[in-house]
Amino acid sequence: MSAIKPSIPKGTRDFLPEKMYKRQQVIGTIKDTFEKYGYAPLETPSIEKLKVLSGKYGDEGEKLLFKVLKRGTGLENLLKEENEFVVSEYDQLVEEALRYDLTVPLSRVVAMYQNELTMPFKRYQIQPVWRADRPQKGRYREFYQCDIDTVGTESMLADAESLAIVDEILRKLGFTKFVIRLNNRKLLNGILEYSEISGDQSVSAMIAIDKMDKIGLDGVRKELEGRSISAQSISKLLSVMEFTGTSEETFSFLSKTCGANVSVQTGISELDEIANYTESLGMPQDSYKIDLYLVRGLGYYTGPIYESVVEEPKIGSLTGGGRYDKLIGMFSGNDIPATGTAFGIERIIDVMEQLEMFEDIKTKTKVLVTIFDGDSIADSLAFAAELRKAGIATECFPEAVKMKKQLSYTNKKGIPFCILIGPDEIAKHEVSVKSMDSGEQTTLSRSDAVSFLLKNSMG
RNA sequence: GUGGGCGUAGCUCAACUGGUAGAGCUCCAGGUUGUGGUCUUGGUGGUUGGGGGUUCAAGUCCCCUCGCUCACCCCA
């Protein structure tokens with residue numbers, strides 16, 4: 001038998017049980033919090049029409065779409081030499097693609113089911129998404145996203161709630177050193193207008209600004225120069241961007257310098273509103289900071305934007321989101337405002353592993369019932385059933401092999417207790433309970449054993 | 001798409017300037033036929049990613065190719 005060398009596609013992973021327990025723990029915490037705030041679950045198909053996805057993620061994002069080859073294109077015939085295969089239209093080859101994020105599918109859903117959904121529509125969605133980029137640390141081709149979004153309200157209260165939820169979840173998971181960077185696309189646009197940067201140049205400038213945390217202020221300056229933005233604009237832009245201070249100080253500085261610009265003014269008041277609401281919601285005010293350098297992609301954001309980052313280990317953002325008031329309109333024809341945030345659970349888990357924030361769970365089984373020999377199978381199975389009836393996670397070894405082997409299994413699986421039922425126990429209608437931790441073993445009546453295990457294996 | 005690093009047992013890795021492929025862990029069996037985790041003895045396990053070249057001789061040098069990985073771009 002010559003085996004195929006087993007492997008999985010790059011950027012994908014298998015999640016073995018020990019890892020799944022960690023993932024479930026994180027996802028469970030996130031889901032519980034979402035529901036506590038009134039968000040309802042939604043799932044959408046893995047594949048979407050290419051038309052739905054394309055044009056939403058910018059040029060770079062477009063390249064990263066996993067496209068699905070249409071059936072019956074005749075492309076297979078390319079393998080036959082005599083066949084000449086010509087495609088005149090791209091969509092002859094592809095009409096579907098794998099979901100790239102959860103926001104665009106949501107927008108599609110809202111547009112499709114407008115009359116069925118009660119607005120404002122608050123939903124959460126936890127599903128895998130796919131991106132065809134080169135994997136690297138903290139970056140995969142298939143990964144899960146957890147999104148919450150509020151659709152149908154322009155209120156900054158919805159944005160503030162997103163921030164509060166991010167803060168609450170990160171804390172619940174055990175993060176202490178994180179910060180939510182907060183900015184506003186309107187504010188950014190206004191600052192660029194003030195700096196007399198417009199059109200293609202403003203997109204270009206935003207890319208440069210976004211690199212701040214990687215290349216520093218001088219690096220940004222060089223980037224801007226390299227992108228042929230006038231010296232005058234650069235100095236005007238950086239004179240604003242350079243400012244550091246508290247939220248209030250930043251707001252008043254911006255009002256003073258470029259507050260005449262309408263976008264700047266709107267941006268500031270939106271952020272100011274958010275700040276007030278988060279405070280009322282009881283969110284610690286040092287959890288976030290205004291960060292004028294935050295840009296967040298170039299797709300569909302129109303208002304407040306935010307992402308949360310940890311200082312160590314060095315990895316991209318853990319969560320990210322913002323307001324996108326125009327996206328749904330691309331499907332529905334009329335604009336429907338929306339805001340929301342995505343949790344990068346892969347990164348959250350990676351970081352939690354690196355910081356050793358998990359308690360290791362090897363199994364959830366509390367008791368293993370051994371099988372002494374062929375004659376005792378019925379007794380073992382019956383007692384296992386009794387334990388399960390009492391709510392104790394119990395497994396029965398599936399073969400009447402040597403005790404040594406059954407105990408070794410129990411030990412390796414990390415199951416805390418095992419039950420031995422041999423001829424002696426059966427005769428007296430008893431069972432022996434062995435603690436794998438201490439090695440202590442006692443023989444009890446069956447009902448005593450159940451209550452003993454109930455007491456010692458819970459919690 | 002661009003640039004670096006690395007591919008040897010299931011896993012982690014050795015093998016001096018080319019000279020008979022090795023160790024630890026895992027796994028299996030025994031020491032202990034009703035008892036794990038420690039200890040101890042033995043055993044299984046390889047076309048050195050693949051192909052070609054140089055050489056008396058290649059894991060080692062050269063070329064090609066595939067794969068993994070890190071960084072850039074971009075992003076969760």
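So you know, we letter chains A, B, ... as the sequences are listed, proteins then strands, and number each from 1. FYI, side chains are in, hydrogens and waters are out, and symmetry mates aren't considered; it's all heavy atoms of this structure.
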Name the closest nucleotide to the A:Tyr140 side chain, picking from B:rC73, B:rG34, B:rA76.
B:rA76
Just the atom pairs and distances: protein N or O near nucleotides 1-3 of chain B's N or O, under 3.5 Å.
{"unit_1": "B:rU2", "atom_1": "O4", "unit_2": "A:Arg134", "atom_2": "NH1", "d": "2.4"}

Confirm from the modelled atom types if A:Asn411 and B:rG37 form a donor-acceptor pair under 3.5 Å, side chain to base only.
no
Is it the case that B:rG34 (base atoms only) and A:Glu425 (side chain only) share a donor and an acceptor within less than 3.5 Å, ignoring hydrogens and angles?
yes
Within less than 4.0 Å of OP1 or OP2 of B:rA71, is there a side-chain N or O belonging to A:Gln136?
yes
For B:rC68, take OP1 and OP2 only and decide whether either is under 4.0 Å from a side-chain N or O of A:Lys10.
yes
Residues from [range] lying under 4.0 Å of RNA chain B - heavy atoms:
range                       : answer
residues 165-174 of chain A : none
residues 337-357 of chain A : A:Arg347
residues 426-449 of chain A : A:Lys434, A:Met436, A:Asp437, A:Gly439, A:Gln441

Where each pair must be Watson-Crick or G-U wobble with both distances under 3.5 Å, what dot-bracket representation of RNA chain B is obtained, with crossing pairs in [ ] and other-strand partners as |?
(((((((..((((.....[..)))).(((((.......))))).....(((((..]....))))))))))))....
With nearest nucleotide decided by heavy atoms, which residue, A:Ile8 or A:Gly61, maps closer to the 5′ end of RNA chain B?
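With A:Ile8 and A:Gly61 compared, the 5'-side residue is A:Ile8.
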Are the ring of A:Tyr409 and the base ring of B:rG36 both nearer than 5.5 Å at their centres and tilted by less than 30°?
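No, A:Tyr409 does not stack on the base of B:rG36.
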Polar atom pairs (N or O), protein with nucleotides 25-30 of chain B, under 3.5 Å:
{"unit_1": "B:rC27", "atom_1": "OP1", "unit_2": "A:Lys412", "atom_2": "NZ", "d": "2.8"}
{"unit_1": "B:rG30", "atom_1": "OP1", "unit_2": "A:Lys402", "atom_2": "NZ", "d": "3.0"}
{"unit_1": "B:rG30", "atom_1": "OP2", "unit_2": "A:Lys402", "atom_2": "NZ", "d": "2.8"}

